[in-house]
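Written out below as structure tokens is the structure these notes cover.
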Amino acid sequence: MNVLVIVLFLSAFLLTRVTILRTAVIVLLLQSLAVAAACVVLGLETSQFHMYLAALLTIIIKAGYIPAALFKIVGRLRREREQNPILSPNYTSLTAALAIVLAYGLIDQALPGVVTRNALAAAIALLLIGLLIIMVRRQAVMQIVGLITMENGIYLLGLSVVKGLPLVIEFGVFLDILVAAVVLVILTYRLKISFLSTDTTQLRKLKG
Amino acid sequence: MAVPLPAPVGSVTFAIDALSAIFILALGLVGAAACIYAVGYTTEYYRNRFRQLAGLFNAFLLSMLLVFSVSHAFAFLIAWELMAVVSFLLVIHDHHDAENVRAGYIYMLMTQLGTVFVATAFFLLAARAGSLDFGRMAALELDSRTAGLVFLASFIGFGTKAGMVPLHIWLPRAHPAAPSHVSALMSGIMIKTAIYGMARFYFDFLGTGPLWWGGIVLAVGVVSAVMGVLYALMENDLKRLLAYSSVENIGLILLGIGAGLVFAAGGKPGLAALAWTAALYHTVAHAVFKSLLFLGAGSVVFSTHTKNMEALGGLIKLMPYTAIVFLFGAAAIAALPPLSGFVSEWLTFQSLFLLPQALDGIKAKVAGAALVAVLGLTGALAAACFVKAFGIIFLAKPRSEHARYAEETPAVMWSAAGLLAGLCLVLGLFPQPLLAAISRVFAGKAGYDASVLQAGNWYTIAFRQADAGGALTPMGVFVLLIAGAVIAFAIFRFRGKPSIIGGETWTCGIVPDARMEYTGTGFSKPVRVAFRFILRPQRETLVREGGKYHGRKLSYHLSIRYIFNELYRPLNQSIIRVATKMKRIQTGSVQLYIGYLAAVTILVLVWNAWWLN
């Protein structure tokens, strides 16, 4: 489990540094696979069948369909890349590190001596870093990546707090993220068509 | 009756007591007439979202019935809001006219403001009672500070819906904007839901309070009555005239309620019951004749497609039935015997005459007596207002092509209005059954004693008590009127046959035409001049074309200042100022918005972890 937590931290750090959209999607895919692996590990520990089902769903949706859709759109956006982001990658990484410190601090304050300390901290760190990526990146695809990262964080939080949610809720969560990803991909296409660029700072023009 | 609903509402109770019954009676009478009328009137809307109109109209009736019958604060607020939303949609039904949409939004804004206060009043009570049920709230004993707060909140909240000055600004805009059968319900019943709310609060929940409660209600009532009737008299838009007249009548009802509160505070249970009876009787009477007038106005609009009185005239020859039923309404609202308005206004006068009895100190006594004079002024101005409305619309010659080719409405329309006209007469001649029903409201209420109203028989209404007595014989008045008419006719008939010589009207050699007629603006001029210190009329005359002596065309523009609308200006400006400042954080940047979110999230997380532990 700790290996997986390290992989998640690593993926989050990588996301703060990449500027090429395709690389970002690959990192996201790896991150989702790590979350799926965490599900399997928990399934082995608690021997609950539906954890495997959750892992399967994670692989299908977060490591399968969503990255595929993102790869497809990235293929069309050959010229797009993260140029002069709002916060440079170095500072972003530094902020991400601060976020991890904050996450550990939060866990130690709120739940001192909890068994799944590392997993919980990783979950909160993923949440904060996802938010950070949405905040400091201009490209729409990068923002989708940030959103899925946040979603992975929330999912991991659910896993490590209560050892897995009821299956119905997990279905709901997956449906939610699926719909969100579909809508966002469509909107990114529209952005490309309307503004000839997927730079979200263009949206400033919509203000009345 | 209790209906169990899922949490958190709990079970919703319905209860119809004597108070609800009176309002439901009014709703039933007016609603039935409006429904019959709508059969003819809404033929105009067949191509204009007719199904939506019909559905909303019925939902509107249902929501008002719910307001009157639920006995549970939460359900009451839901029904109250349902009524607001449905009536908002009805107001903006003709949404092609930007003016209507604007009226709708002002209405929505004001009614939401009112709901805030109503909800505050209910929740203050519910917090003390530990229950949302009306029965538990009524059983509550409140300390005087809470009771005062609840009184103020409920008065402002319900007063907004009632359209009392200065919270009336939505009423003259919204009521004319709706289709006429809806206007009839809005003016007839919807604003009375507020009177119902006040009665519910002051009877059941609060009981007798200090003297200043009644004082506030009387002050607001008298201002509403005078200002409402003055603006009505100045108005040349028929439906707006009726809407302003509703403001006046709400003022009269508030005068009754205020007098009732003063009497209750002063320990005069009999007079308190009398004043409340006046208010409730006027509520029902006004519901009937104001709906009648709105239905009549709707018929005029239906036939001529204009609401501007200056473009009407001479309709009595073209629409005789509508003219007669409108005349009934106009006479009733001008409080002429033997119609319903006379009875309620007589009761209101009686209670105000006796007001000084409950007051101590010479200043208060003089103020109480002055109210009677102001009420008299209001009555006279209301009579003038409806003489103007009837005279300008139905008499003389048509002032425009619209009026020249008007036709009588279908029978279903004028007969529905005729039903209400008959009711005006019945309520004027036989007020006893309704008075008996109203006196049942006071049974078992501390501080009220309805027994003094019971004296009287089928031809008279009377109240007796040790210090004052009064009686009214509507039948006697009626018989006197008939006798007067018979005598007048007899004198006319037996003084010899008058000779009739036909001839043309001499008008200095030109053909008499409609432009020589008295206009609505002209009719109201004496009042405008007399009250110019409040109305502040401004005139503008422009010579448009023509020579020095003849053939000149003038355009004349007259406006009056609505001083109460100016109260809202500072509020408007400060809201705009705050909004402009708020705009600075709305940069349009997605990243910045996410930044706000992130900041709040981290703040909440940190706050939870460090400060709460």
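A note on names: the letters A, B, ... follow the listed sequences, proteins ahead of strands, and every chain is numbered from 1.
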Determine whether A/M150 and A/L131 make a side-chain contact, defined as any pair of heavy atoms from C-beta on separated by less than 4.5 Å. yes
Counting only heavy atoms not in B/R49 (residues, nucleotides, ligands), do more than 12 fall under 6.0 Å from its CZ? yes
Aromatic centroids of A/Y155 and A/F174 separated by under 6.0 Å: yes
Could you tell me which residues in residues 90-105 of chain A have at least one non-hydrogen atom under 4.5 Å from a non-hydrogen atom of chain B, sorted by residue number? A/L102, A/G105
Taking atom types as modelled, is there a side-chain donor on B/T13 or B/H72 under 3.5 Å from an acceptor on the other? no
Relative to the ring of B/F76, is the ring of B/F158 parallel (under 30°), tilted (30 to 60°) or perpendicular (over 60°)? perpendicular
The complete set of side-chain hydrogen bond (donor to acceptor under 3.5 Å, both in side chains) pairs with one or both residues in residues 156-174 of chain B, sequence neighbours excluded, reads B/Y107-B/K161, B/T111-B/K161
For residues B/Y105 and B/F88, establish whether the separation of their ring centroids is below 6.0 Å. yes
So for B/I602, is it side chain, backbone, both, or neither that comes closer than 4.5 Å to the heavy atoms of chain A? side chain
Checking A/I107 against chain B: side chain, backbone, both or neither under 4.5 Å from a heavy atom? neither
